[in-house]
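What follows is a short report on a single structure.
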Amino acid sequence: MITEIGAFMVKGAGQELVHELHDDKNILGIFVEAGRTEDLFAFREFGSASENDIVTILVENRHATRIFDLMCSKIGLDKPQRGMVFQMPLHKQPK
Amino acid sequence: MADRQITYLTDALIITCIVQASRADTIVKAAQNVGAQGATVTYARGTGVRERMGLMGVTIDEQKEMVRIIVSEEQADRVFEAMYLAGDLDKPGMGIMFMNKLDRIATYIPDEVLAEANKPAAKLKKRKTATRRPTKKAKK
């Protein structure tokens, strides 16, 4: 079973995360998008919004907790305004 | 991360809404009006319906905006409906939206909120809940 782990984080942190997880053999896919957000961070660059990165990682279920915790640690979720990590199941499996 | 701990939150959903460019702000505002905290918006490029609709396909903008909102289970339907109506998704070619259940979420939770949540249920004050009486059926 494959699961998807997503994360909203400050701009630039996504690329750093990709760089760090690049050699992890258990990660099936990793994608970074750039976007804007209204509630995650204290600083506001554009009116009420600020720039952020959205990272999506595809990983097998048995490695999900390790990767999830690793992402939490890298983002620094023990401090406020750092972002959010979430996990959701993927029901349709690739052949 | 040895002395730090992660608190996993459950019973949440992610709402994803893909609409034509520049419509995201209206949708985010509608979601916030019914209780959503905020949203993350990204740009995307769409294909498919554009070729089949509009005058030579030019009236449907291929530039899209993708809105992602994480909400609790109890407010999910309300936010979803508000976003749907604000985005005019009942009209052809306006976009698509969907909702996925999340296994878990992690984010910063202030210590005082954590302490409150970890209190035994007996010590918590009973919440007043609004009850609605069943309406009488009109007699013929």
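Letters go in sequence order (proteins before strands), and every chain restarts at 1. Predicted model, so just to flag it, every value in this text is computed and none were measured.
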Single-linkage hydrophobic cluster V34(B)~M97(B), side-chain heavy atoms < 4.5 angstrom
yes
Non-hydrogen atoms of chain A under 4.5 Å away: do they reach the side chain of V28(B), the backbone, both or neither?
side chain
If the contact rule is any heavy atom under 4.5 Å from chain B, which residues of residues 15-28 of chain A qualify, in numerical order?
none
So, the part of L13(B) with a heavy atom under 4.5 Å from chain A: the answer is neither
ILVMFWY cluster, V55(A) and I6(B) together (side-chain gap under 4.5 Å)
yes
M84(A) CE to Y108(B) OH distance, which is reported to the nearest 0.5 Å:
14.0 Å
Which atoms of A12(B) come close to chain A, meaning under 4.5 Å heavy atom to heavy atom: side chain ones, backbone ones, both, or neither?
neither
Residue pair F8(A), I70(B): steps toward the side-chain contact (heavy atoms from CB on, under 4.5 Å) verdict:
CA-CA 11 Å; F8(A) 301 141; I70(B) 292 179; 3.9 Å; yes
Answer yes or no: is there a side-chain heavy-atom contact under 4.5 Å between T40(B) and N52(A)?
yes
Among K101(B), Q32(B), E65(B), R68(B), which residue forms the greatest number of heavy-atom pairs with chain A at distances under 4.5 Å?
R68(B)
Would you kindly confirm whether L85(B) and I27(B) end up in one hydrophobic cluster when ILVMFWY residues are joined by side chain heavy atoms under 4.5 Å apart?
yes
For chain B, the option from G35(A), G6(A), A7(A) that forms the most heavy-atom pairs under 4.5 Å
G35(A)
Quick one: what part of I75(A) sits under 4.5 Å from any heavy atom of chain B, side chain, backbone, both or neither?
neither
Going by the side-chain contact (heavy atoms from CB on, under 4.5 Å) test, name the single residue among I105(B), N100(B), D103(B) that passes it with M88(A).
N100(B)
Kindly compute the distance separating CD1 (I5(A)) from CG (L102(B)), expressed to the nearest 0.5 Å.
12.0 Å
Taking all non-hydrogen atoms of both residues, which atom of T42(B) and which atom of A34(A) are closest, and how far apart?
CG2-O, 3.5 Å
Residues of residues 57-66 of chain A under 4.5 Å from chain B (heavy atom pairs)?
A64(A), T65(A)
Flag side-chain contact, heavy atom, 4.5 Å: F86(A) against I14(B):
yes
Can you check whether A39(B)'s main-chain N or O pairs, donor with acceptor, with T37(A)'s side chain at less than 3.5 Å?
yes
Taking salt bridge (charged side-chain N to carboxylate O under 4.0 Å, His left out) as the cut-off, I'd like each qualifying pair that reaches into residues 9-32 of chain B, sequence neighbours left out, listed once.
R36(A)-D25(B), R23(B)-D88(B)
Should L89(B) and V79(B) be regarded as members of a common hydrophobic cluster, given that ILVMFWY residues are connected when their side-chain heavy atoms come within less than 4.5 Å of each other, either directly or indirectly?
yes
Okay, L9(B) and chain A: the region with an atom under 4.5 Å from a heavy atom over there is neither
Run the ring pair (Phe, Tyr, Trp, His ring centres under 6.0 Å) test against Y43(B) and tell me which residues pass, sequence neighbours left out.
none
Is there a side-chain contact between F68(A) and R104(B) in this structure, where contact means two heavy atoms from C-beta onward sitting under 4.5 Å apart?
yes
Test of understanding: clusters of I, L, V, M, F, W, Y form through side-chain heavy atoms closer than 4.5 Å, transitively. Do V85(A) and I30(A) belong to the same one?
yes
